[in-house]
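Here the structure comes first, spelled out in structure tokens, and everything after it is commentary.
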Amino acid sequence: MNKIELQKIKEKALEEHIPIIMDDTLEVIQRILEERKPNKILEIGTAVGYSAICFSEFLSENGKIDTIERDLDRVKQARENIKLTEVEGKINIYEGDAVEILPTLNETYDIVFIDAAKGKYPFFLKEAMRMINKNGIIIADNVLYKGYVMGDYNKHKQRTAVRNLREYIKEITENENIETEILEVGDGLAISKIK
Ligand code: SAH
Ligand code: MG
């Protein structure tokens with residue numbers, strides 16, 4: 001992998017205010033991936049490919065990442081970035097809305113990373129649970145959403161997102177087949193191990 005190109009991609013994304021994964025969040029996920037050496041990762045929310053490119057280093061031999069993005073400009077940039085960093089063959093991008101694409105997938109995954117529309121997290125969880133391997137891990141970014149999720153925050157245009165994030169957290173903490181840890185890194189990271 002070309003680390004110099006990766007650094008440039010990160011800087012450009014930050015300049016353009018694309019919400020790429022934060023450094024502390026990335027560190028936590030990389031530690032998990034290092035330990036697991038996953039064969040298949042599913043990512044919901046590619047943006048310009050930064051996180052997927054970072055994760056690709058930790059795949060097992062012949063491992064693959066499927067990642068979904070609905071913004072076609074970002075898909076285009078992600079494809080270019082994947083070439084620049086020389087990780088083609090490891091990352092497959094599905095173009096379109098994850099709400100439509102997920103139900104068409106019939107794969108199994110060792111890791112699912114949810115990092116897209118917050119209002120859809122409960123749906124993404126349902127689809128992730130359908131495809132996750134036993135002992136797999138579902139990781140969700142931005143679950144604390146700037147503190148709104150834990151506060152008494154109801155009167156805002158983002159209240160649908162907040163309500164759905166709360167529902168997501170409720171499900172992962174109450175489901176007996178899921179063991180969850182929520183970390184205050186980045187914008188809140190939920191790590192759910194599937195029993
Ligand atoms: N994982 C990336 C950042 C993703 S930002 C990284 O860390 O580098 C979230 C992305 O999810 C945005 O690009 C947005 O267009 C996309 N997105 C949001 N809702 C989506 C949906 N329902 N289906 C597909 N993509 C979605
Ligand atoms: Mg995020």
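Both ligands and their constituent atoms are indexed starting at 1 by order of listing. Along the sequence shown, residues are numbered consecutively beginning with 1. Keep in mind it's a predicted model, so treat the numbers as computed, not measured.
- Among all protein heavy atoms, the one lying closest to atom 9 (C) of ligand 1 is Asp115 O, 3.1 Å.
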Please determine whether side chain to side chain contact (heavy atoms under 4.5 Å, CB included) holds for the pair Asp187 and Tyr145, giving the CA-CA distance in whole Å, both sets of side-chain angles, and the decisive distance to 0.1 Å. CA-CA 6 Å; Asp187 202 15; Tyr145 197 14; 4.2 Å; yes
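- Ranking protein heavy atoms by distance to atom 23 (N) of ligand 1, first place goes to Ala98 N, 2.8 Å.
- Note on ligand 1: Thr46 sits in its first shell, one or more heavy atoms being nearer than 4.0 Å.
- One finds a salt bridge joining Lys10 and Asp23 here, because a Lys/Arg side-chain nitrogen approaches an Asp/Glu carboxylate oxygen to under 4.0 Å.
- The distance from ligand 1 to the heavy atoms of Ile21 drops below 4.0 Å at these ligand atoms: 6 (C), 7 (O).
- Atom 18 (C) of ligand 1 has its closest protein heavy atom at Ala117 N, 3.4 Å.
- Of the listed residues (Val87, Thr85, Leu26), just one forms a side chain to side chain contact (heavy atoms under 4.5 Å, CB included) with Cys54, and that residue is Leu26.
- Contacts between Glu43 and ligand 1 below 4.0 angstrom, taking non-hydrogen atoms only, involve the side chain exclusively.
- Within the 4.0 Å heavy-atom shell around ligand 1 one finds Gly96.
- Checking Met22, Glu95, Arg70 against atom 24 (C) of ligand 1, the nearest heavy atom belongs to Arg70.
- Protein atoms of type N, O or S found under 2.8 Å from the Mg ion (ligand 2) total 3.
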As a quick check of understanding, evaluate side chain to side chain contact (heavy atoms under 4.5 Å, CB included) for Ile41 and Asp110, giving each step before the final call. CA-CA 6 Å; Ile41 299 176; Asp110 307 304; over 6 Å; no
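- For ligand 1, the atoms closer than 4.0 angstrom to any heavy atom of Tyr50 are 8 (O).
- With respect to Ser192, the side-chain hydrogen bond (donor to acceptor under 3.5 Å, both in side chains) criterion is satisfied by exactly one of Thr173, Thr180, Asn175: Thr180.
- The single protein non-hydrogen atom nearest to atom 12 (C) of ligand 1 is Arg74 NH1, 3.2 Å, given as residue, atom name and distance.
- At a threshold of 4.0 Å, the pair Lys83-Glu80 does not count as salt-bridged, since none of the basic side-chain nitrogens sits closer than that to a carboxylate oxygen.
- Residues Gln7 and Glu11 bring a donor and an acceptor atom of their side chains to less than 3.5 Å of each other.
- For the ring-ring contact (aromatic ring centres under 6.0 Å, His included) test, residues two or more places apart in sequence or in another chain that qualify with Tyr121 are Tyr168.
- Taking a 6.0 Å sphere around NZ of Lys195, one finds it holds more than 12 heavy atoms contributed by other residues, nucleotides or ligands.
- Taken together through direct or relayed side-chain contacts under 4.5 Å among Ile, Leu, Val, Met, Phe, Trp and Tyr, Leu125 and Ile68 form part of one hydrophobic cluster.
- Residue contact annotation: Lys120 has no non-hydrogen atom under 4.0 Å from ligand 1.
- Close approach of ligand 1 to Asp97 (heavy-atom distance below 4.0 Å) involves ligand atoms 21 (C), 22 (N), 23 (N).
- The nearest heavy-atom contact from the protein to atom 11 (O) of ligand 1 is Gly45 CA, 3.4 Å.
- For Lys64, the NZ atom is densely surrounded, since the number of other residues' heavy atoms within 6.0 Å is greater than 12.
- A single hydrophobic cluster is not seen to contain both Phe124 and Ile21; linkage of ILVMFWY side chains at heavy-atom distances under 4.5 Å, directly or through other members, places them apart.
- Counting only heavy atoms of the protein, atom 10 (C) of ligand 1 lies nearest to Glu69 OE1, 3.5 Å.
- The protein non-hydrogen atom at the shortest distance from atom 8 (O) of ligand 1 is Ser51 N, 3.1 Å.
- Contact record, Val143 with Ile169: O-CD1, 3.7 Å, taken as the closest heavy-atom pair.
- If you check which protein heavy atom lies closest to atom 17 (N) of ligand 1, you get Ala116 CB, 3.7 Å.
- Around NZ of Lys126, the count of heavy atoms belonging to other residues, nucleotides or ligands within 6.0 Å does not exceed 12.
- Below 4.0 Å from some heavy atom of Pro19 lie the following atoms of ligand 1, by number and element: 3 (C), 5 (S).
- With respect to Ile191, the side chain to side chain contact (heavy atoms under 4.5 Å, CB included) criterion is satisfied by exactly one of Ile182, Ile32, Ile172, Ile138: Ile32.
- Ligand 1 has no nitrogen or oxygen under 3.5 angstrom from a nitrogen or oxygen of Ile20.
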